[in-house]
Structures are given as C-alpha cells and as structure tokens.
K.L.:
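Sharing a structure with you now.
All values derive from a computational prediction rather than experimental measurement. Here is the naming used below: chain letters follow the sequence lines, and residue numbers restart at 1 for every chain.
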2 protein chains.
Amino acid sequence: MFNSTAILRKHGIPVTAQRLALLRAVGARPHATADALAEAVRAEIGTISKQAVYNTLGTLVEKGILRRIQPAGSPARYEGRVGDNHHHLICRSCGKTVDVACVVGERPCLRASEDSGFRIDEAEVIFWGTCPRCLGKDGAQQAGPVKPQDFCEQTNKPPN
Amino acid sequence: MFNSTAILRKHGIPVTAQRLALLRAVGARPHATADALAEAVRAEIGTISKQAVYNTLGTLVEKGILRRIQPAGSPARYEGRVGDNHHHLICRSCGKTVDVACVVGERPCLRASEDSGFRIDEAEVIFWGTCPRCLGKDGAQQAGPVKPQDFCEQTNKPPN
DNA sequence: AACAAAATGTGGACAGAGTCCATTTTTTAC
DNA sequence: GTAAAAAATGGACTCTGTCCACATTTTGTT
Ligand SMILES: [Mn+2]
Ligand SMILES: [Mn+2]
Ligand SMILES: [Zn+2]
Ligand SMILES: [Zn+2]
C-alpha cells in the first residue's frame with residue numbers, strides 16, 4: 001500500500017489505482033500473462049481496461065520496473081524480478097516456467113562467436129524441456145500433454 | 001526440381017507444387033516469415049492459400065526439415081539450416097536477423113544452473129543488439145529506429 | 001491408363017493478443 | 001480549488017495463426 005507507490009513516484013510515474021494493483025498482481029504471480037494479471041486486478045479493484053493493462057505493463061517494462069518475456073507459443077509474461085539477468089526454463093508440454101539463475105549475472109552474459117558488427121546488449125536464454133509433472137514417474141513422456149488449464153494452482157490460467 | 005522432391009519423398013510427405021515452391025522459397029530467404037514466403041511462392045507458382053503455407057511449414061518443421069524461430073515481437077520465421085543448433089543475433093531496431101554459430105554444436109548446448117527436475121532438450125539463445133546499419137557511424141544510436149520496411153533488399157518485407 | 005482411398009489445398013469464418021483512437025476521468029502542480 | 005497534463009475507458013481494428021467444410025491432387029493398385 002506504500003511500497004508500490006514509492007516505486008512509481010521514484011520513477012516519476014503518476015500513481016493510479018490500476019498501476020498499484022497491477023504491480024501487486026505481478027509481485028504475487030511471477031510470469032503471468034497480461035490477461036491473467038487483468039483478471040487478478042479485477043478481482044482486487046473491480047475493473048481495469050485491457051488498454052490500461054497493456055499501457056501500464058509497457059511503461060513499467062520501459063522503466064525497468066518489470067521484465068517482459070515472450071516465449072514462443074505464449075503471450076507475453078511479466079515479472080518483477082529485474083536486474084539479475086536470470087534465464088528461464090519452460091515446459092513444452094504445460095508451459096510451466098521457472099527461473100534459472102545466470103551464473104554470470106550481468107548481461108549480456110554470453111559472448112556470441114561472431115558479432116557481425118552488432119552491438120550486443122543482451123543474451124536471452126530459454127531452456128526448453130519437460131517438467132517433472134509432465135514426465136512420467138519413470139521419466140517417460142506421458143500419453144497426452146498436460147493441458148495448461150489442468151495445472152495452475154492459484155488461477156485457472158496457464159501456469160506461471 | 002528434384003532435390004526438394006527427394007527430401008519430401010524421403011520423409012514420406014506427398015509431393016505437391018506448393019510444398020516444392022515453399023521449400024525453394026525458404027532456401028532462398030533464410031529467416032523469412034510465413035507471409036513473406038507465401039508471397040514468394042505466389043510470385044513463382046501463382047497462388048497458394050494461407051492455410052497451405054501454415055500446414056506445410058508446420059509439417060516440415062515437425063519432420064525436422066525446417067526450423068522455426070519465434071523471436072519476441074516478430075511473427076515466426078523459418079529457415080532450412082537445421083541440425084547444427086546455431087543461434088541468432090537480432091537487431092532491436094530493424095529486425096535484421098543473422099546466424100551465430102554455436103561453439104558447442106549439439107543441443108542443449110548450455111547447462112542450466114539448476115534444472116528443477118526438468119528434462120531439458122534445448123537451450124535457445126537469442127542475442128539482441130543493434131546492427132551496424134542501425135548504429136551511427138561513430139557507434140551512436142541514430143535518431144529514429146530504421147523501419148524494417150525501409151530496409152530489406154530482396155523483398156519489401158521486414159528483412160531476414 | 002484408370003480408380004478409389006487418402007492426403008492436401010482452398011477460402012472464408014473465427015480466435016487470441018495486442019494496438020489505435022476519441023472521449024471521459026483522475027492525477028498532478030500551482 | 002483549479003487548470004493542465006496524464007491515464008483510463010471501451011470499442012473498433014490489425015496482425016498472426018487456426019478451424020472447418022468442401023474441392024482438388026497424390027498415391028498406389030489394378
Ligand atoms: Mn523469471
Ligand atoms: Mn538461422
Ligand atoms: Zn509440464
Ligand atoms: Zn538494424
């Protein structure tokens with residue numbers, strides 16, 4: 001109720017109920033989609049427009065307050081863990097997304113073998129695989145992929 | 001006129017004019033989008049439906065004949081360079097995409113610091129930066145980003 | 001070469017994610 | 001408290017990609 005306010009003020013961003021609620025929602029649901037965050041905010045303050053969600057998340061990402069990741073096959077996801085240049089590990093079957101610490105820390109953490117004259121500022125790494133739940137108990141692939149909706153505990157949205 | 005045919009036959013995929021044309025189009029335009037490939041095919045054989053494009057590219061990716069990459073902020077891109085697990089370097093300003101050799105070769109080429117019980121099969125790496133053209137001559141950022149359309153030589157689509 | 005079954009291609013409706021825009025409401029600065 | 005600036009709203013719209021029913025082409029078998 002004041003921490004988020006301070007963050008917005010510090011960055012010169014006008015403080016609104018929608019922004020505060022979004023910031024709280026992201027804090028509670030790392031790697032959530034814009035849509036999942038919108039629903040979370042609606043549950044808390046009643047209503048927020050799709051546009052306010054996108055505008056706010058966009059602004060917060062620009063200011064470096066949030067981080068946006070856009071894995072293949074998924075809408076964008078947002079998280080409050082910024083500044084540590086960590087990476088992600090995503091289940092191909094159910095979409096479960098977990099953080100993976102970067103051993104280097106600062107970005108870009110990898111060096112490209114040839115830079116083709118580019119000035120490289122980031123090395124984005126996504127590890128793809130199958131999560132423990134989607135693996136059979138013996139490590140074999142289960143019959144059908146676990147549907148994302150079957151899965152998430154807090155929301156009935158694709159998990160994480 | 002026979003190489004692509006052989007590839008399809010080898011994988012048990014029925015040979016159609018659309019598939020042959022798509023395969024040629026991808027060969028000539030690495031990292032092109034489905035839409036750009038559709039236009040290229042239309043220029044060559046007159047017409048192809050959007051659905052045939054998506055179905056065929058999907059099948060070819062499944063069979064390992066093509067590779068699909070889905071960088072943030074871009075529609076999917078396709079390339080015929082498969083089996084070498086190379087990575088990509090993308091210009092944030094204009095979208096120019098170039099291959100970066102993987103020093104390891106086989107995938108997953110990176111080890112995650114903790115696997116959280118996942119069975120990891122791929123480490124996807126995208127280097128983000130600014131291409132030589134989008135950098136000023138002294139390395140300073142230009143005033144405005146170069147629009148993708150201003151850029152590509154062969155097509156008037158977003159480059160590479 | 002001709003045929004039937006299987007697989008593809010086609011066009012058009014539709015869906016998901018995100019953007020644009022005019023208008024209304026809220027926040028900020030004085 | 002007021003006025004200017006910034007955000008929020010909601011609805012139209014765009015861009016990628018998918019679904020579906022039906023027409024056409026490929027295959028592989030006579
Ligand atoms: Mn994360
Ligand atoms: Mn490539
Ligand atoms: Zn899973
Ligand atoms: Zn560029």
K.L.:
Looking at Thr56(A), does any N or O in its side chain come under 4.0 Å of the phosphate oxygens OP1/OP2 on dA8(D)?
P.N.:
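The answer is yes; a side-chain N or O of Thr56(A) sits under 4.0 Å from OP1 or OP2.
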K.L.:
Starting at atom CD1 of Ile48(A), determine the distance to atom P of dT24(C), rounded to an integer number of angstrom.
P.N.:
21 Å
K.L.:
Answer whether the closest heavy-atom distance between the side chains of His88(A) and His31(A) falls below 4.5 Å.
P.N.:
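Heavy-atom side-chain distance check passes, below 4.5 Å.
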K.L.:
In whole angstrom, what separates Arg9(A)'s CZ from dA7(D)'s P?
P.N.:
13 Å
K.L.:
Remember a base hit wins even if backbone is also touched, and classify Gln51(B) as base, sugar-phosphate or nothing at under 4.0 Å, heavy atoms.
P.N.:
base
K.L.:
Honestly curious: do Ile7(B) and Val26(B) fall in one hydrophobic cluster under the side-chain, below-4.5 Å linking rule?
P.N.:
yes
K.L.:
Within the modelled atom types, does a donor on one side and an acceptor on the other bring the side chain of Lys50(B) and the base of dG11(C) under 3.5 Å apart?
P.N.:
no
K.L.:
Counting only heavy atoms not in Arg111(B) (residues, nucleotides, ligands), do more than 12 fall under 6.0 Å from its CZ?
P.N.:
no
K.L.:
Between P on dC15(D) and CZ on Arg77(B), what's the gap in Å once rounded to a whole number?
P.N.:
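Going from CZ in Arg77(B) over to P in dC15(D) covers 15 Å.
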K.L.:
Counting only side-chain heavy atoms from C-beta out, which of dG9(C), dT9(D), dT28(C) sits nearest to Ala52(B)?
P.N.:
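Nucleotide nearest to Ala52(B)'s side chain: dG9(C).
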K.L.:
Using whole Å, what does the distance between atom P of nucleotide dA7(D) and atom CG of Leu23(A) come to?
P.N.:
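It works out to 15 Å between those atoms.
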K.L.:
Rounded to the nearest 0.5 Å, what separation is found between the CG atom of Leu37(B) and the CG atom of Leu23(B)?
P.N.:
10.5 Å
K.L.:
It should be established whether Gln70(A) places a side-chain nitrogen or oxygen under 4.0 Å from OP1 or OP2 of nucleotide dA17(C).
P.N.:
no
K.L.:
With respect to the phosphate group of dA8(D), does any side-chain polar atom (N or O) of Thr16(A) fall under 4.0 Å of OP1 or OP2?
P.N.:
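Result: yes.
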K.L.:
Rounded off to whole Å, could you give me the CD1-to-P distance for the Ile13(A) and dA29(C) pair?
P.N.:
13 Å
K.L.:
Judged by each residue's nearest nucleotide on DNA chain D, which is more toward the 5′ side, Pro14(B) or Pro75(B)?
P.N.:
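Its nearest nucleotide being more 5', the pick is Pro75(B).
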K.L.:
Round to the nearest Å and state the distance from Asn55(B) atom CG to dC22(D) atom C1'.
P.N.:
15 Å
K.L.:
Rounded to the nearest angstrom, tell me the gap between atom CD in Gln18(A) and atom P in dA6(D).
P.N.:
17 Å
K.L.:
Expressed as a whole number of angstroms, how long is the span from Leu60(A):CG to dA6(D):C1'?
P.N.:
15 Å
K.L.:
Please confirm whether the shortest side-chain N or O distance from Tyr54(A) to OP1 or OP2 of dG18(C) is below 4.0 Å.
P.N.:
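Checking dG18(C) against Tyr54(A), a side-chain N or O does come within under 4.0 Å of OP1 or OP2.
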K.L.:
Whether the side chain of Thr56(A) engages the backbone of Arg19(A) through a donor-acceptor N/O pair (distance < 3.5 Å, no angle test) should be reported.
P.N.:
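Absent.
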